[in-house]
Novice: 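Quick one: the structure is below, questions incoming.
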Amino acid sequence: MRKIYRLAALCCFGFVLTNQNIAQTVSDFENLTLSPNSYWDGSDMSGAHNAGIFSSTFISSDAIYPNVYDTSFGAAFGYWSTGFAYSNMTDSVTSGSGNLFSARAGSGVNTSSNYIISTNNSIIRLSGAAANNTVNGCYVTNGTYAANSMRDGDAFAKQFGGVSGNDADWFKLTIWGYISGNLTTDSVEFYLADYRFNNNAQDYIIEDWNWVDLTSLGAIDSVIFVLSSTDNGSFGMNTPAYFAIDNFNDQSVSTNDLAKEIAFSIYPNPTQNSIHINLGQTIELLQLIDVTGKVIYSQNNISAGTTTLSNFDGLQAGAYFIKLFTDDQVKVERIIKQ
């Protein structure tokens, strides 16, 4: 089953996840040395050299982060091409590629200094106690470059929503695990921006740090991050293909932060006729959404307790989504109509 997250969105089913390997420590990148308001992207050409390509890695806790800096067109035209860079940049305002290495949140998680910026299709290799074990998750947010590009548009990318605001745009992160060279069956999806709502006021671009739970990937030895967007052209994705990560494999989140989230369970899933949604708190809005993003049912101001949706008889078999809104959270769970 593929899971979708926004705003620390762990879909709870009446149990609490526990840490399986407390010996693992978080990659918070604070061990990496940087001058204030600076970044490292491999441009010092310290990596192993081959035909103008400099390949290197950096390490934080039990994880290895690759970096490739490309000077094949000449040193004056060198650029960071793949992998990860680390940063403590704080510019959450300035638009454009010149501000590529700033997180939109303006700092690391909990105002820490360091975090990393990732390119598309980047892979973290696990080591030590983390290797061949379950990764708890990580915090992610947009970079300022991508966030402002989606908000305003630029010379390469469209303004999300279009002129009318009604274009159903999205920018999505899909996370897979590898074990012994094979992709995991499950993946985790997180929308860095989503403009598919019928009510444009619900459209969003992620601007703060959001926890993404990765325990559903199971025991793995590496993690790959894949970006996709509705804004594409002749040369691929127009949306700037970068985002920020912090506190990778933080083992404390499941017992601390998740207690603050919307608690709910959905059953039965799959279903034929109806589903029951057990809510741990009052929900401002509940939506039933099909795979195209169309809202086919909505209900406002639902109190804590059990709510039943019984309008499934007329729906075609397939995947649908239950989306729950509070004043500061949105959570989504995929359901199957048989």
Side-chain angles (χ1 to χ4, degrees), residues 2 4-6 39 41-43 47 50-55 65-74 76-85 87 94-104 116-125 138 140-163 166-178 183-184 187-196 203-207 212 222-245 291-293:
R2 181 173 296 175
I4 301 177
Y5 295 88
R6 181 191 174 202
Y39 61 87
D41 65 347
S43 57
N50 182 22
I53 305 297
F54 292 84
S55 300
Y65 301 84
N67 169 280
V68 176
Y69 192 81
D70 190 336
T71 63
S72 57
F73 295 103
F77 302 98
Y79 65 100
W80 168 47
S81 62
T82 58
F84 303 90
S87 174
T94 305
S95 300
S97 59
N99 196 22
L100 169 60
F101 298 96
S102 289
R104 180 62 182 82
I116 60 173
I117 300 293
S118 175
T119 59
N120 195 10
N121 297 311
S122 291
I123 298 176
I124 298 174
R125 300 198 306 272
C138 60
V140 303
T141 189
N142 279 299
T144 306
Y145 175 28
N148 290 3
S149 173
M150 291 183 286
R151 183 192 66 193
D152 304 326
D154 56 35
F156 303 99
K158 68 169 293 188
Q159 178 184 10
F160 269 32
V163 175
N166 296 325
D167 293 358
D169 293 307
W170 49 259
F171 183 37
K172 182 172 67 175
L173 171 65
T174 305
I175 306 170
W176 300 83
Y178 279 102
L183 277 175
T184 53
S187 64
V188 173
E189 293 180 346
F190 179 87
Y191 282 88
L192 290 160
D194 195 348
Y195 276 58
R196 296 175 299 168
D203 296 340
Y204 65 86
I205 298 171
I206 294 296
E207 297 181 346
V212 179
S222 53
V223 182
I224 183 170
F225 299 89
V226 180
L227 293 166
S228 55
S229 172
T230 48
D231 184 13
N232 300 284
S234 302
F235 299 99
M237 187 165 59
N238 295 328
T239 306
Y242 305 94
F243 72 103
I245 303 174
V291 293
T292 70

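Starting from 1, each residue takes its place in the sequence as its number.
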Novice: For Tyr178, give me all partners under ring pair (Phe, Tyr, Trp, His ring centres under 6.0 Å), at least two apart in sequence or on another chain.
Specialist: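 None.
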Novice: Nearest 0.5 Å, please: how far is CG in Leu173 from CD1 in Ile206?
Specialist: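 It comes to 11.0 Å.
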Novice: Listed by chain and number, what are the side chain to side chain donor-acceptor pair (under 3.5 Å) partners of Ser43, not counting sequence neighbours?
Specialist: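 Per chain and number, Ser43 pairs via side chain to side chain donor-acceptor pair (under 3.5 Å) with Asp41.
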Novice: By side chain to side chain donor-acceptor pair (under 3.5 Å), which residues pair with Asn121, not counting sequence neighbours?
Specialist: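 Partners of Asn121 under the side chain to side chain donor-acceptor pair (under 3.5 Å) test: none.
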Novice: Under the rule for salt bridge (Lys or Arg N to Asp or Glu O under 4.0 Å), what residues qualify as partners of Asp152, not counting sequence neighbours?
Specialist: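 Here no residue qualifies.
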Novice: Find the distance between OG (Ser97) and CG (Asp154) and round it off to the nearest 0.5 Å.
Specialist: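 Atom-to-atom, Ser97:OG and Asp154:CG are 8.5 Å apart.
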Novice: Considering non-hydrogen atoms only, spot the tightest contact between Glu207 and Thr141 and give its length.
Specialist: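 Answer, listing the atom of Glu207 first, then Thr141: C-OG1, 3.6 Å.
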Novice: List the residues meeting side chain to side chain contact (heavy atoms under 4.5 Å, CB included) with Asp169, not counting sequence neighbours, and say none if there are none.
Specialist: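 Once residues adjacent in sequence are excluded, the partners of Asp169 under the side chain to side chain contact (heavy atoms under 4.5 Å, CB included) criterion are Lys158, Phe160, Asp167, Tyr195, Thr230.
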Novice: Can you name the residues that form a ring pair (Phe, Tyr, Trp, His ring centres under 6.0 Å) with Phe84, not counting sequence neighbours?
Specialist: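 Only Tyr65 meet the ring pair (Phe, Tyr, Trp, His ring centres under 6.0 Å) criterion with Phe84.
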Novice: Which residues satisfy the side chain to side chain contact (heavy atoms under 4.5 Å, CB included) test with Asn232, sequence neighbours excluded?
Specialist: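 For Asn232, the residues satisfying side chain to side chain contact (heavy atoms under 4.5 Å, CB included) (neighbours in sequence not counted) are Met237.
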Novice: Please round to the nearest 0.5 Å and tell me the distance separating atom CG of Asn238 and atom OG of Ser149.
Specialist: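 So the gap between those two atoms works out to 8.5 Å.
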Novice: Taking side chain to side chain contact (heavy atoms under 4.5 Å, CB included) as the test, write out the residues that go with Ser102, two or more places apart.
Specialist: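 Only Met89, Asp91, Asn99, Tyr115, Thr144 meet the side chain to side chain contact (heavy atoms under 4.5 Å, CB included) criterion with Ser102.
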Novice: Can you check whether Phe243 and Phe225 have ring centres sitting under 6.0 Å from each other?
Specialist: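 Close enough - the centres of the two rings lie under 6.0 Å apart.
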Novice: Using 30° and 60° as the class limits, which term best fits the ring planes of Trp170 and Tyr191: parallel, tilted or perpendicular?
Specialist: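 Taking Tyr191 first and then Trp170, their aromatic rings stand perpendicular (interplane angle over 60°).
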Novice: Going from CD1 on Ile224 to OG on Ser187, what distance comes out if it is rounded to the nearest 0.5 angstrom?
Specialist: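 Here the rounded value is 11.5 Å.
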Novice: Quick check: closest heavy atoms across Ile205 and Ala147, and the distance to 0.1 Å?
Specialist: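 It is CD1-O, 3.9 Å.
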Novice: Where the side chain of Thr174 meets the backbone of Glu189, is there a donor-acceptor pair that is under 3.5 Å apart?
Specialist: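 Flag not set: sc Thr174 to bb Glu189 has no pair under 3.5 Å.
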Novice: Between Tyr242 (side chain only) and Ile117 (backbone N and O only), is there a donor and an acceptor less than 3.5 Å apart?
Specialist: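 No, Tyr242 side chain to Ile117 backbone: no donor-acceptor pair under 3.5 Å.
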Novice: With Asp70, which residues qualify under side chain to side chain contact (heavy atoms under 4.5 Å, CB included), at least two apart?
Specialist: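 Checked Asp70 against side chain to side chain contact (heavy atoms under 4.5 Å, CB included); matches are Ile53, Ser72, Tyr79, Ser81.
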Novice: Which residues pass the ring pair (Phe, Tyr, Trp, His ring centres under 6.0 Å) test with Tyr145, not counting sequence neighbours?
Specialist: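 Scan of Tyr145 (ring pair (Phe, Tyr, Trp, His ring centres under 6.0 Å), adjacent residues dropped) gives none.
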Novice: With sequence neighbours left out, write down each residue that passes side chain to side chain donor-acceptor pair (under 3.5 Å) with Ser228, or none if nothing qualifies.
Specialist: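 Per chain and number, Ser228 pairs via side chain to side chain donor-acceptor pair (under 3.5 Å) with no residue.
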Novice: Any idea which heavy atoms bring Met150 and Asn142 closest together, and the distance?
Specialist: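 Answer, listing the atom of Met150 first, then Asn142: CE-OD1, 3.6 Å.
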Novice: Considering all heavy atoms of both residues, which atom of Ala157 and which atom of Asp231 are nearest to each other, and what is their separation?
Specialist: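 Minimum heavy-atom contact is CA-OD2, 3.4 Å.
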Novice: Rounded at 0.5 Å granularity, tell me how far CG in Leu192 sits from NZ in Lys172.
Specialist: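 Taking CG in Leu192 and NZ in Lys172, the distance rounds to 11.0 Å.
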Novice: Which atom names give the shortest non-hydrogen contact between Ala146 and Pro240, and what distance separates them?
Specialist: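 Residues Ala146 and Pro240, closest heavy atoms: CB-O, 3.8 Å.
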Novice: Going through the checks in order, is the side-chain contact (heavy atoms from CB on, under 4.5 Å) test met by Thr71 and Phe54?
Specialist: CA-CA 8 Å; Thr71 63; Phe54 292 84; 3.4 Å; yes
Novice: Taking side chain to side chain donor-acceptor pair (under 3.5 Å) as the definition, give me every residue that meets it alongside Ser222, ordered by chain and number, with sequence neighbours left out.
Specialist: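 Here no residue qualifies.
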Novice: Looking at every non-hydrogen atom in both residues, tell me the closest pair between Trp80 and Ala85 and how far apart they are.
Specialist: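 Taking every non-hydrogen atom into account, CZ2-N, 3.5 Å.
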